[in-house]
Amino acid sequence: MAKYLVLASSNQGKLTELRELLLPLGLNLRSQSEFGLDSAEETEQTFLGNALLKARHASAGAGLPALADDSGLVVDALDGAPGVYSARYAGEDGTATENNSKLCQELARIDSSFVDFTARFQCVLVLVRNPQDNSPILAEGTWEGRIIEQPRGLNGFGYDPHFYVDEEGCTSAELPRARKNELSHRGKAVRRLLEMIRNSDLT
């Protein structure tokens with residue numbers, strides 16, 4: 001397996017989480033920003049489509065195997081939104097705070113009491129050996145929860161302060177990082193990815 005992988009993202013929170021999760025294979029994950037690469041335009045309508053697009057873009061630009069994830073929050077009451085638009089729900093230049101604000105506003109229009117807004121985080125990971133790789137390694141993970149109106153917790157990023165996990169009695173942003181990695185959609189996807197890498201021609 002290559003010592004270095006490029007992550008098809010410049011999101012520092014995502015880079016930190018994935019670096020920790022990939023530690024078991026001794027992989028050195030580097031952000032695409034280290035190579036001066038801009039993010040690929042996400043034009044697909046599925047998590048898988050966008051992940052493939054981003055991985056191929058980063059691999060071509062960095063000349064390395066590339067790992068990409070496309071993940072997001074799926075809220076049942078919003079017919080799956082924000083979905084693939086999770087990172088840009090409030091607009092292309094929207095911040096996490098603005099995305100969360102829009103999410104709460106949309107849900108308040110349905111029910112101001114914020115009761116039983118079930119949701120899940122979904123993640124699709126794609127690893128390509130090169131930009132033309134026609135047999136990429138794919139792994140998925142899902143994390144069930146619900147949305148609460150008042151944000152809680154300082155850990156995590158994105159929608160974590162509003163994502164309540166009943167089994168833990170707290171939000172994702174209140175969980176210690178190690179526990180979050182055990183439970184999260186991305187953690188589950190990475191563990192599946194690691195197992196697939198171990199059983200592939202990459203090791």
Side-chain angles (χ1 to χ4, degrees), residues 1-74 83-84 86-87 120-145 155-158 160 165 172 175-203:
M1 179 64 195
K3 181 179 179 182
Y4 292 97
L5 293 177
V6 57
L7 176 64
S9 173
S10 300
N11 183 305
Q12 189 59 44
K14 188 178 293 186
L15 178 66
T16 298
E17 284 195 2
L18 285 170
R19 272 181 172 162
E20 290 183 2
L21 291 165
L22 288 168
L23 199 59
L25 286 187
L27 298 176
N28 189 329
L29 191 62
R30 301 173 64 185
S31 168
Q32 65 183 7
S33 61
E34 294 182 48
F35 299 89
L37 298 176
D38 292 327
S39 297
E41 184 178 358
E42 298 179 28
T43 56
E44 299 296 323
Q45 298 302 306
T46 65
F47 293 123
L48 175 58
N50 279 326
L52 278 166
L53 185 156
K54 291 188 287 187
R56 296 190 193 285
H57 170 80
S59 181
L64 290 170
L67 175 66
D69 94 310
D70 202 53
S71 55
L73 180 68
V74 174
V84 295
S86 292
R120 65 205 50 83
F121 279 122
Q122 292 184 340
C123 173
V124 176
L125 285 171
V126 172
L127 193 157
V128 296
R129 302 162 184 82
N130 56 65
Q132 291 78 39
D133 190 348
N134 59 12
S135 57
I137 297 176
L138 310 176
E140 300 182 53
T142 301
W143 192 13
E144 297 288 337
N155 300 326
F157 59 97
D160 286 346
V165 185
S172 174
L175 289 170
R177 182 174 290 164
R179 182 58 175 159
K180 180 185 176 185
N181 285 345
E182 290 177 11
L183 299 172
S184 77
H185 54 309
R186 192 168 291 114
K188 292 173 184 174
V190 168
R191 287 190 291 276
R192 290 171 182 151
L193 180 79
L194 293 178
E195 189 61 32
M196 295 173 80
I197 290 173
R198 291 186 184 103
N199 294 325
S200 76
D201 59 352
L202 293 171
T203 56

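Positions are given from 1 along the sequence. Bear in mind that the values here come from a model prediction, so they are computed numbers and not experimental data.
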Between atom [atom1] of [X] and atom [atom2] of [Y], what is the distance when rounded to the nearest 0.5 Å?
X      : Y      : atom1 : atom2 : answer
Leu5   : Leu18  : CG    : CG    : 10.5 Å
Arg19  : Leu7   : CZ    : CG    : 8.5 Å
Glu140 : Ser71  : CD    : OG    : 12.0 Å
Leu127 : Leu138 : CG    : CG    : 9.5 Å
Leu53  : Glu41  : CG    : CD    : 8.5 Å
Cys123 : Phe47  : SG    : CZ    : 9.0 Å

[Y] side chain reached by [X] side chain, heavy atoms, under 4.5 Å:
X     : Y     : value
Lys54 : Ser39 : no
Leu29 : Leu15 : yes
Glu44 : Leu52 : no

Which pair of heavy atoms, one from [X] and one from [Y], lies closest together, and at what distance?
X      : Y      : value
Pro136 : Val128 : CB-CG1, 3.8 Å
Ala68  : Ala8   : CB-CB, 3.7 Å
Gln122 : Val74  : OE1-CG2, 3.8 Å
Val165 : Ser172 : CG2-N, 4.4 Å
Val126 : Ala51  : CG2-CB, 3.6 Å

Donor-acceptor contact present, side-chain [X] to main-chain [Y], <3.5 Å:
X      : Y      : result
Asn181 : Gly187 : no
Ser31  : Ser9   : yes
Asp70  : Val124 : no
Asp160 : Phe157 : yes
Arg186 : Leu125 : no
Thr142 : His185 : no

Results of salt bridge (Lys or Arg N to Asp or Glu O under 4.0 Å) for Lys188 - residues two or more places apart only: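 Expected list: none.
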
What pairs with Arg192 under salt bridge (Lys or Arg N to Asp or Glu O under 4.0 Å), at least two apart in sequence or on another chain?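 Here no residue qualifies.
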
Both conditions, 6.0 Å and 45 degrees, for the charged tip of Arg30 above the ring of Tyr4: are they met here? yes

Working for side chain to side chain contact (heavy atoms under 4.5 Å, CB included), residues Arg129 and Ser135: CA-CA 9 Å; Arg129 302 162 184 82; Ser135 57; 3.9 Å; yes

Let's go through Thr16 and Arg177 carefully: what are the C-alpha distance in whole Å and the side-chain angles of both, what is the deciding distance for side chain to side chain contact (heavy atoms under 4.5 Å, CB included) to 0.1 Å, and is it a yes or a no? CA-CA 10 Å; Thr16 298; Arg177 182 174 290 164; 3.6 Å; yes

Give the C-alpha distance, both sets of side-chain angles, the deciding distance and a yes or no for side chain to side chain contact (heavy atoms under 4.5 Å, CB included) between Leu193 and Ile137. CA-CA 7 Å; Leu193 180 79; Ile137 297 176; 3.5 Å; yes

